[in-house]
Protein chains: 2
Amino acid sequence: MSVTIKDVARRAGVSPSTVSRVISKHPRISKETAERVTRVMEELGYHPNSMAKGLVSKATYILGVILPRPAEELFQNYFFHEVLRGILAQANRSGYDLLIASGSSESDELETVKRLVRGRRVDGIILLSSKTKDPLIHFLNEVGFPFVIIGRSPDFPDAPTVDNDNVQAAYDATRHLINQGHERIGFVSGPQELTVSQDRLTGYRQAMLEAGLSISEDWIVEGEFLQETGYRAMSMLMNLPERPTALVVIDDIVAFGVLHGLNELGYSVPQDMCLVGFNNISLSEHTSPPLTSVDIGTYQIGYMTAQTLIKTISKEPLHQTRKIIPHRLIVRGSSVK
Amino acid sequence: MSVTIKDVARRAGVSPSTVSRVISKHPRISKETAERVTRVMEELGYHPNSMAKGLVSKATYILGVILPRPAEELFQNYFFHEVLRGILAQANRSGYDLLIASGSSESDELETVKRLVRGRRVDGIILLSSKTKDPLIHFLNEVGFPFVIIGRSPDFPDAPTVDNDNVQAAYDATRHLINQGHERIGFVSGPQELTVSQDRLTGYRQAMLEAGLSISEDWIVEGEFLQETGYRAMSMLMNLPERPTALVVIDDIVAFGVLHGLNELGYSVPQDMCLVGFNNISLSEHTSPPLTSVDIGTYQIGYMTAQTLIKTISKEPLHQTRKIIPHRLIVRGSSVK
DNA sequence: CTGAAAGCGCTTACAG
DNA sequence: CTGAAAGCGCTTACAG
């Protein structure tokens, strides 16, 4: 069997209590004892049993990450992988492990969260996307369990969140196209219930309005965060009598689909259509032409989210419950003629 | 505080033992008692404390996934995300959660694994990539802890693995190009210590040899699983006096870099160069031209890996310790003129 | 500075 | 079919 604290104690000639104190670096322990115990622990390859430790200290040092529900689909979105990297990096740095979970349906997802929370399987929870009327947020808020949302929650404005200023980001993207002389600009959006879709659409509308440009509702297409969405949108958009000359696209992945769709229809970018995407994923500089994209600091979002959650868990005061990660427009060939 | 088994017991008028038996669906429990206890559990929103349960049953129902070490880089490889989806799906289906961990250096990584194993934090471990002389495998093998490797381990041939027949896969890819009439075929490889690189190179060489075609060592380039690798390789390869007319590329991501590099140098695919990649990631059908790729059943690899690990944990006999997931060449525009 | 004892929330032989 | 008791491997007041 495994080495326990008793084995270490016996071998070091001290009590289990003392070994425990050495592990937790209790101040009132003599240097000699500490050293001897430490040596024995290494000799025996001792590691504290995480469950016994967790049972008494009521902490698991595990952060739970809930993948967005239609996980099978959305997990294809490279945003999540980058965000996960950021979360993992910060979690590890602070001595936390990551547990990832998902649900196959909305109720299944809620069940999973309840199990994680009530079963004390994790110390806190990260929600990777935010939408309106989310029962998970409702539950977490009600039971007062530590959690952080990536995005924002219109229904629970006090919940800790890490987000971009998506209204401004889309405004900037649209403004960039207006500056290039475009007047007919469309918007390819994501699922309507997601706040990120709502906010970017708002920013787009604002920029257009402010520039005195009118929007045809035909220019606004809604879909999933998949290439398919962009691909299909093109056969529709390009058939319009008055089609747009530029598009703001909610996600680089979708923009790849747009690029492919245009290509197949015989149009070229940026001559026939200019494009701006979001997320600036690593592939974006390797398309032809390279894709102009709003870098939203995805890794940093993950990093900051983990940091915020860990602070919440340790009951450190948050300077601000709603953190905003800065964005930056990266101009490449797809948007300048 | 949380609801415990005692609270349920009191409210249901039974002993904690009985509640415990109801939870674990012990056969010798009267129907009435079981129903009453179940009702009370629901009323109280009771969920068993995972740590208390784990402490006594010595099982966590958590699978540990170790991300390849230069995680910051390799985690960009979309292979891992797809594989993770497969692992997650099967794990959830069997009542397991997933813990993901990584290390910043080789020794840090080993420390992490030791902590997970000796601290009983997980019930088994999945290694997402396989290389020669891996200290992790050495450790896991030595302590007899359940683990499964994605790939294969030349040093520990008896270790349970899930892999493709990468020799055959690369053979097929090369053969496809030979069938198109190519005689000068190059190979853009990944890190040399990875078995997947070694195997695919072997398959490529075999196909060439068998077809009586000679290989110039200049045609074999080695790099990381990044677009950069493919991108940079092109400026080199295209400057050769006798340059290849087709390339087998270790990973679609790298092939995207190749595509971009060729584009920028003014060459077009498939006219000037034919390409075959591996992994068939979702983007591959949306490049211009769409990329021919060997579909290696990435999701299925993950799925099967989790299944194998869970069997190992439950001490079910494995029919075969080395599972092979079938591959399939998906021919698209990048390899046929 | 260190030890003995109680307890975290479960499970599981052992009785009955 | 059900309960009392011991124990999983730790931590932490309470003494000394």
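All values below were derived from every heavy atom in this structure, side-chain atoms included, with hydrogens, water molecules and symmetry-related copies excluded. Naming convention: chains lettered A, B, ... in sequence-line order (proteins, then strands); numbering from 1 in each chain.
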Would you indicate which nucleotide in C:dA5, C:dC10, D:dG9 comes nearest to any side-chain atom of B:T4?
C:dC10

Does A:T33 make a side-chain N or O approach to OP1 or OP2 of C:dT2 shorter than 4.0 Å?
yes

Report yes if at least one side-chain N or O of B:S15 is closer than 4.0 Å to OP1 or OP2 of D:dA4; otherwise report no.
no

Pick base, sugar-phosphate or nothing for B:I29, based on heavy-atom distances below 4.0 Å to the nucleic acid.
sugar-phosphate

Looking at C:dC10, I'd like to know if its phosphate oxygens (OP1 or OP2) sit under 4.0 Å from a side-chain N or O belonging to B:Y46.
yes

Compute whether any side-chain donor of one residue and acceptor of the other, for A:R93 and A:Y303, lie under 3.5 angstrom apart.
yes

So how far is it from B:Q307 CD to B:Q300 CD, rounded to the nearest 0.5 Å?
10.0 Å

Which nucleotide, in any strand shown, forms a Watson-Crick or G-U wobble pair with C:dA4, with both distances under 3.5 Å?
none

Ranking A:A52 and B:A34 by the position along DNA chain D of their nearest nucleotide, the one closer to 5' is B:A34

Under the 3.5 Å rule, do the base of D:dG3 and the side chain of B:R21 count as making a donor-acceptor pair?
yes

Starting from the 5' end of DNA chain D, give me the residue, A:V56 or B:G13, whose nearest nucleotide shows up first.
B:G13

Just checking B:S17: base, sugar-phosphate only, or nothing, at a heavy-atom cut-off of under 4.0 Å?
base

Across every strand shown, the nucleotide meeting Watson-Crick or G-U wobble geometry with C:dA13 (both distances under 3.5 Å) is none

Using a cut-off of less than 4.0 Å, is there contact between a side-chain N or O of A:K53 and OP1 or OP2 of C:dC8?
no

Considering only D:dT11, C:dG9, C:dT12, which nucleotide approaches the side chain of B:S20 most closely?
C:dT12

Looking for any heavy atom pair under 4.0 Å, which part of the strands does A:S30 touch: base, sugar-phosphate only, or nothing?
sugar-phosphate

Is the centre of the A:H81 ring less than 6.0 Å from the centre of the B:F80 ring?
no

